[in-house]
There are 2 protein chains.
Amino acid sequence: MRQIIDERTGGTVRPPCGAEPHGATMRIAAHVTVLHEGDPARRIMEVVDGAVMLTKLLPDGRRQVVELLGPGDVFGLAHADAYACSAETLTPATINTHERGALERDPVLAARLLRRFEAQLCVMHSHALVLGRMSALERVAFFLLRLMPDGMVGTTLHLSMTRQEIADFLGLTLETVSRAFSELKRRGLVVLQRADEVRIQDRGSMRRLAGAA
Amino acid sequence: MRQIIDERTGGTVRPPCGAEPHGATMRIAAHVTVLHEGDPARRIMEVVDGAVMLTKLLPDGRRQVVELLGPGDVFGLAHADAYACSAETLTPATINTHERGALERDPVLAARLLRRFEAQLCVMHSHALVLGRMSALERVAFFLLRLMPDGMVGTTLHLSMTRQEIADFLGLTLETVSRAFSELKRRGLVVLQRADEVRIQDRGSMRRLAGAA
DNA sequence: CGCATAATTGAGCGGTCTCAACGTATGTGG
DNA sequence: CCACATACGTTGAGACCGCTCAATTATGCG
């Protein structure tokens, strides 16, 4: 329960005191749980900087990482006034929070969120295709391409997720993810400088594997 | 290619002539493809009545039904100015279309879409959990509960999807879906009047199977 | 009635999971 | 500085769930 402890020790994770009109920015350490699935949904949040993952749990403990968020992405969504997902930082992050009521009062904010929701919904659609129809190797290839912006070709990508977190994102087990990394390495599509530092060697083959991501 | 033919014969599926300010309502037959993945995204659409499914394809033909839509739901989302999914009616449907530019000009519309996007995003999060972490039997149980509003307990649900469409939604094969239906029937959780008419017999057990949906 | 489409059921295969052992990196205290 | 502890990652062997392929049975329609 690393994240719980961190949340208590890392004092940055308090809701702002309320003096702000409707926005407040906070700086949060890595591996901190910002929101808990099921808690009353009072605020909506924007990632300014860093990476955040949203997770859902089944009663028996099975976990799914449902979304990976970066700068600009929005979280803290509610179903029946409760947060639908837990949110945990993957890296140190800067997060902007708004009271939910601000959505009605601030049309500029609403317009920004609308655009962002559309983008996130499209990403979720792609992810459904990945989870529903792709093999383990294809999923991992897709995952790596998704993290590697087209511009930075040949550069080294730092994964800020463990094999378990990647597995929970891709609907696999950590062993299967590890085997997929080894297979991609064996085929010469990627190079692993360390377990969490990847370089894509053959982007064409990766794209083909991932089904033109 | 049933849907292609239907689209051409069913004359209801033409874009409105442009005289409207930004909204137009059209009536569409069942099994008609309204949008094609990859086409230039000019309009955004709302389901007024009926059911619509959004699908994505892999180059080799594997298909995923990424979302099931009902009244109020929005589709026609774009990534890089192209539709991210194809959209096909499951039943006769009434659909409202808006030019994309209307989003900036009509704050009431934008506010409605924002609320709806939030709801749809939450549903997609649940669906990621289903696709990533649930067994075949659990997926089918979840699917049936999702279609059966809490109110109508004991009533008969008409499935307007084939086993193949359900399979493509749940990330399974049609045979596995069929076996899951048979297993639920064998366990006494559901009754199948016909292949496409289901009654949930034991809602408690279904909920437990579906992980408290 | 006969045909086409959809659904069910069975048998066997294979990809992913499970369980387990081993390897690697990082940090801590003696 | 090194021994150790801890967490994470890799690899292997076997089991199992869902897929593939195939045969059979509804269901609906001309």
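Within every chain, numbering begins at 1; the chains are lettered A, B, ... in the order of the sequence lines, protein sequences first and strands thereafter. Excluded from the calculations below are hydrogen atoms, water molecules and symmetry mates; all remaining heavy atoms, backbone and side chain alike, are included.
- When the P atom of C:dA6 is taken as reference, atom CG of B:Leu159 falls 15 Å away, rounded to whole Å.
- With distances taken from any side-chain atom of A:Arg179 to the nucleotides D:dG18, C:dC17, D:dG12, the minimum falls on D:dG12.
- Rounded to 10°, the angle separating the first-five-pair axis and the last-five-pair axis of the helix from C:dC1-D:dG30 to C:dG30-D:dC1 equals 30°.
- C:dA7 atom P lies 8 Å from atom CD1 of B:Ile166, rounded to whole Å.
- Here CZ of A:Arg179 is found 14.0 Å from CZ of A:Arg186. Values are rounded to the nearest 0.5 Å.
- Among the protein residues, A:Leu172 comes within range of the sugar-phosphate backbone only, with heavy atoms under 4.0 Å from sugar or phosphate atoms but none that close to a base.
- Remark: P of C:dA25 and CD of A:Glu197 are 12 Å apart, rounded to the nearest angstrom.
- One atom, CG of A:Asp168, and another, P of D:dG9, lie 12 Å apart when rounded to the nearest Å.
- Atom-to-atom, CG of A:Leu174 to C1' of D:dT10 comes out at 10 Å; the value is rounded to the nearest Å.
- A cation-pi arrangement, defined by a distance under 6.0 Å to the six-membered ring centre and an angle within 45 degrees of its axis, is present between B:Arg163 and B:Phe181.
- With salt bridges taken as basic N to acidic carboxylate O contacts below 4.0 Å, one links A:Glu183 and A:Arg187.
- Ion pair A:Glu118/B:Arg100 flagged as a salt bridge, since at least one NZ, NE, NH1 or NH2 atom sits closer than 4.0 Å to an Asp/Glu carboxylate oxygen.
- With the nearest nucleotide of DNA chain D identified for both A:Arg163 and B:Gln193, A:Arg163 has the one nearer the 5' end.
- Classification of A:Glu67 and A:Lys56 as a salt-bridged pair fails, no side-chain N sitting under 4.0 Å from a carboxylate O.
- Rounded to an integer number of Å, the gap from CD of B:Glu165 to C1' of C:dA6 is 11 Å.
- Nearer the 5' end of DNA chain C, as judged by each residue's closest nucleotide, is the contact made by B:Ser178, out of A:Val177 and B:Ser178.
- Going from atom NE2 of A:His31 over to atom P of D:dA7 covers 14 Å, rounded to whole Å.
- The pair A:Asp168-A:Arg62 fails the salt-bridge criterion, with no side-chain N (NZ, NE, NH1 or NH2) lying under 4.0 Å from an Asp/Glu carboxylate O.
- Both A:Gln164 and A:Arg133 lie close to DNA chain D; mapped to their nearest nucleotides by heavy-atom distance, the more 5′-ward contact belongs to A:Gln164.
- Of all nucleotides listed (C:dT9, D:dG18, C:dC17), D:dG18 comes nearest to the side chain of B:Thr176.
- Considering only side-chain N and O atoms, B:Arg194 lies nowhere under 4.0 angstrom from the phosphate OP1 or OP2 of C:dA6.
- For D:dC21, the base has a donor-acceptor partner in the side chain of B:Glu175 [N/O atoms by modelled type, under 3.5 angstrom].
- Looking at B:Arg42 and B:Asp81, no side-chain N of the basic residue comes within less than 4.0 Å of a carboxylate O on the acidic one, giving no salt bridge.
- Rounded to whole Å, atom P of D:dT10 lies 14 Å from atom CD of A:Glu183.
- Distances from the side chain of A:Thr173 to the nucleotides C:dT18, C:dA7, D:dT10 place C:dT18 closest.
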